Q: 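Have a look at the structure that comes next, please.
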Amino acid sequence: MNFSNVKFDIVIQAGQSNSEGCGLGPVTKELIPSPNAFYLYAEKTVTVVDDNLIIDFHDKPFVIEQAKERGEGDNKLGDFSLTFAEEYEKAGLLASDRKLLIIRAGVGGAGFQKKHWGLQDCLYLKLLELINYALSLNKENRVVAFLWHQGEHDAFEKNTPENYKKQLSALLNGVRACVGEKIPFIAGEFVNDWKSKNIDICAPILQVIREVTAENGNGGFVETGDLLSNDQKHGNGDDIHFCRESLHILGRRYFAEYKRIIGN
């Protein structure tokens, strides 16, 4: 497909592992990939060296492909941007002559404290490249939403709330400077299973995320207290990631916040 002939509504999805999607297991209703929804991402290699996350982006063109869950059968991994996209299309927000492009920029284990998402760091700079590339494909392309799920890294690494607020606000302002000051920004709560066991480090970071979504206009915060982790669903010891079913629900909640914002 010649994507220069396609007009895209663009959704940015960024953050760390729950944004990347690590949810396992069956779902109440299988997702049927939409022919109108596509992913855009940069291929990369991620390694851990001396407890540091090293992200090396491949020197090749960005990838555009149909948006769908990774894996096959029982090994499919959920992605909340897919149910967000499904709701966006069902609500009639995608014009008949347009398609949806999801910028996939989440990387598991990434944050501000170890220099992944700061304004001079690799993930933020690569996100700007992806945004600019998406917008350059067609002059009628437009960014419609910025979906963020991150903070577990900075809670665990004991980033201070004051510092985290400056960093997250700077990231939001930098992206909006590129795509428009009124672009809705939506963030979500951590998995309750992990949060409740680490409440002392999680509560201050979550409070900052709430404040950033509330204080910068056109923001929304998604509650997740009832959503299950992989461990709660499957008993596999993974208490920090939403299970696949929860990620499907999470995407619908992100869209509900989006609809509230654009309704205002």
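Keep in mind that this is a model prediction, so the values were computed, not measured.
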Q: So which atom in Cys22 and which in Leu247 form the shortest heavy-atom distance, rounded to 0.1 Å?
A: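 In this case the closest contact between Cys22 and Leu247 is N-CD1, 4.1 Å.
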Q: I'd like to know if Arg142 pairs up with Asp9 as an ion pair, taking the criterion as any Lys NZ or Arg NE/NH1/NH2 lying under 4.0 Å from an Asp or Glu carboxylate oxygen.
A: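 Result for this pair is yes, salt bridge flagged.
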Q: As a quick check of understanding, evaluate side-chain contact (heavy atoms from CB on, under 4.5 Å) for Leu171 and Leu127, giving each step before the final call.
A: CA-CA 10 Å; Leu171 179 145; Leu127 174 59; 5.5 Å; no
Q: Is it true that Ile199 and Tyr164 fall in one hydrophobic cluster, defined by side-chain heavy atoms closer than 4.5 Å?
A: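 As far as the 4.5 Å side-chain criterion goes, Tyr164 and Ile199 are not connected within one cluster.
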Q: So that I can tick it off, tell me whether Lys165 and Glu215 are bridged by a salt bridge, with the cut-off set at under 4.0 angstrom between side-chain N and carboxylate O.
A: yes
Q: Using a strict threshold of under 4.0 Å (side-chain N to carboxylate O), is an ion pair present between Glu245 and Lys233?
A: no
Q: Looking only at heavy atoms, which two atoms of Leu250 and His149 are closest? And how far apart?
A: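 Looks like CD2-CD2, 4.4 Å.
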Q: Give a yes-or-no answer on whether the side chains of Gln167 and Asp154 include a donor-acceptor pair shorter than 3.5 Å.
A: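 No, Asp154 and Gln167 have no side-chain donor paired with an acceptor closer than 3.5 Å.
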Q: Measuring from Asp193:CG to Leu228:CG, what's the distance to the nearest 0.5 Å?
A: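 With rounding to 0.5 Å, CG (Asp193) is 8.5 Å from CG (Leu228).
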Q: Tell me if a side-chain donor or acceptor on Asn236 pairs with a main-chain N or O of Asp238 at a distance below 3.5 Å.
A: yes
Q: Taking atom CG of Asn173 and atom CG of Asn216, what is their separation to the nearest 0.5 Å?
A: 5.5 Å
Q: Judged by atom type as modelled, is there a donor-acceptor pair below 3.5 Å linking the side chain of Asp50 to the main-chain atoms of Asn52?
A: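 Between the backbone of Asn52 and the side chain of Asp50 there is no qualifying donor-acceptor contact (under 3.5 Å).
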Q: Is there a donor-acceptor contact under 3.5 Å from the side chain of Gln232 to the main chain of Asp239?
A: no
Q: In this structure, are over 12 heavy atoms from other groups packed under 6.0 Å from Lys44 atom NZ?
A: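 Buried by this count: over 12 neighbours within 6.0 Å.
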Q: Are more than 12 heavy atoms, taken from residues, nucleotides or ligands other than Lys114, located less than 6.0 Å from that residue's NZ atom?
A: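 More than 12 within 6.0 Å, yes.
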Q: I want to know whether Phe242 and Phe80 have ring centres closer than 6.0 Å.
A: no
Q: Under a 4.5 Å cut-off applied to non-hydrogen side-chain atoms, are Ser4 and Asn138 in contact?
A: no
Q: Can you hop from Leu77 to Val27 via hydrophobic side chains spaced under 4.5 Å?
A: no
Q: Does Lys139 have more than 12 heavy atoms from other residues, nucleotides or ligands lying within 6.0 Å of its NZ?
A: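 No.
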Q: With distance as the sole test, does His116 use its side chain to make a donor-acceptor pair with the main-chain N or O of Gly111 at under 3.5 Å?
A: yes
Q: Just by distance, no angles: are the side chains of Glu65 and Tyr41 close enough, under 3.5 Å, to form a donor-acceptor pair?
A: yes
Q: Arg244 side chain to Gly25 main-chain N or O, any donor-acceptor pair under 3.5 Å?
A: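 Yes, Arg244 side chain to Gly25 backbone: donor-acceptor pair under 3.5 Å.
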Q: Just verifying a value: how many Å separate Glu257 CD and Lys259 NZ, rounded to the nearest 0.5 Å?
A: 13.0 Å
Q: Is there a path of hydrophobic side-chain contacts, each under 4.5 Å between heavy atoms of I/L/V/M/F/W/Y residues, joining Ile183 to Tyr124?
A: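 Same hydrophobic cluster.
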Q: Could you point out which residue of Trp117, Phe221, Tyr254 forms a ring pair (Phe, Tyr, Trp, His ring centres under 6.0 Å) with Trp148?
A: Trp117
Q: Side-chain donor-acceptor contacts of residues 100-110 below 3.5 Å, not counting sequence neighbours, with atom names and distances?
A:
unit_1 : atom_1 : unit_2 : atom_2 : d
Arg104 : NH1    : Gln13  : OE1    : 3.0
Arg104 : NH1    : Ser19  : O      : 3.2
Arg104 : NH1    : Glu20  : O      : 3.2
Arg104 : NH1    : Asp79  : OD1    : 3.3
Arg104 : NH1    : Asp79  : OD2    : 3.4
Arg104 : NH2    : Glu20  : O      : 2.8

Q: Using a strict 4.0 Å threshold on nitrogen-to-oxygen distance, state whether Glu89 and Arg98 make a salt bridge.
A: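 No, Glu89 and Arg98 are not salt-bridged.
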Q: Taking Asp56 for its side chain and Thr45 for its backbone only, find out whether a donor-acceptor pair lies under 3.5 Å.
A: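 Absent.
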Q: What are the two closest heavy atoms between Pro33 and Gln66, and how far apart are they?
A: CB-NE2, 3.6 Å
Q: Tell me, with the steps shown, if Trp194 and Asp231 meet side-chain contact (heavy atoms from CB on, under 4.5 Å).
A: CA-CA 10 Å; Trp194 183 77; Asp231 186 48; over 6 Å; no
Q: Tell me, do Gln150 and Leu123 make a side-chain contact under 4.5 Å, heavy atoms counted?
A: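 A side-chain contact under 4.5 Å is absent here.
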Q: Between CZ of Phe57 and CD of Glu129, what distance do you get to the nearest 0.5 Å?
A: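 Rounded to the nearest 0.5 Å, the CZ-CD separation comes to 8.5 Å.
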Q: Do Phe156 and Leu206 belong together in a cluster built from hydrophobic side chains that touch within less than 4.5 Å?
A: no
Q: Treating Ile, Leu, Val, Met, Phe, Trp and Tyr as nodes and any side-chain heavy-atom pair under 4.5 angstrom as an edge, say whether Leu147 and Ile249 lie in one connected cluster.
A: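 Looking at the clustering, Ile249 is in the same group as Leu147.
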Q: So for atom CG, which belongs to Asn2, do other residues, nucleotides or ligands contribute more than 12 heavy atoms lying within a distance under 6.0 Å?
A: yes
Q: Work out which heavy atom in Leu125 is nearest to a heavy atom in Gln120; give both atom names and the distance.
A: CD1-O, 3.7 Å
Q: For Phe62 and Tyr133, take the angle between the two ring planes, folded into 0 to 90°, and tell me which bin it lands in: parallel under 30, tilted 30 to 60, perpendicular over 60.
A: perpendicular
Q: Compare all side-chain heavy atoms of Leu93 with those of Ile262 and state whether any distance is below 4.5 angstrom.
A: yes
Q: The test is side-chain contact (heavy atoms from CB on, under 4.5 Å); show your working for Val144 and Tyr258 and say whether it passes.
A: CA-CA 10 Å; Val144 298; Tyr258 177 77; 3.6 Å; yes
Q: Rounded at 0.5 Å granularity, tell me how far NZ in Lys7 sits from CG in Leu94.
A: 11.0 Å
Q: I would like to know whether Arg253 and Leu227 meet side-chain contact (heavy atoms from CB on, under 4.5 Å); could you show each step before the answer?
A: CA-CA 11 Å; Arg253 292 185 183 178; Leu227 299 186; 3.8 Å; yes
Q: Just by distance, no angles: are the side chains of Glu69 and His248 close enough, under 3.5 Å, to form a donor-acceptor pair?
A: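 Judged by distance alone, the side chains do pair up.
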Q: Which heavy-atom pair separates Arg210 from Thr213 by the least distance, and what is that distance?
A: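 That would be O-OG1, 2.8 Å.
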Q: What are the two closest non-hydrogen atoms of Leu135 and Cys178, and how far apart are they?
A: CD1-O, 4.5 Å
Q: Is it the case that Glu86 and Ser34 place a side-chain donor and acceptor less than 3.5 Å from each other?
A: no
Q: In terms of ring plane angle, is the pair Tyr88 and Phe255 parallel, tilted or perpendicular, where the classes change at 30° and 60°?
A: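 Tyr88 and Phe255: perpendicular rings.
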Q: Are the side chains of Pro26 and His234 in touch, meaning some heavy atoms are under 4.5 Å apart?
A: yes
Q: Rounded to the nearest 0.5 Å, what separation is found between the SG atom of Cys202 and the CD atom of Glu152?
A: 7.5 Å
Q: Indicate yes or no: does Glu30 engage Lys76 in a salt bridge with an N to O separation below 4.0 Å.
A: yes
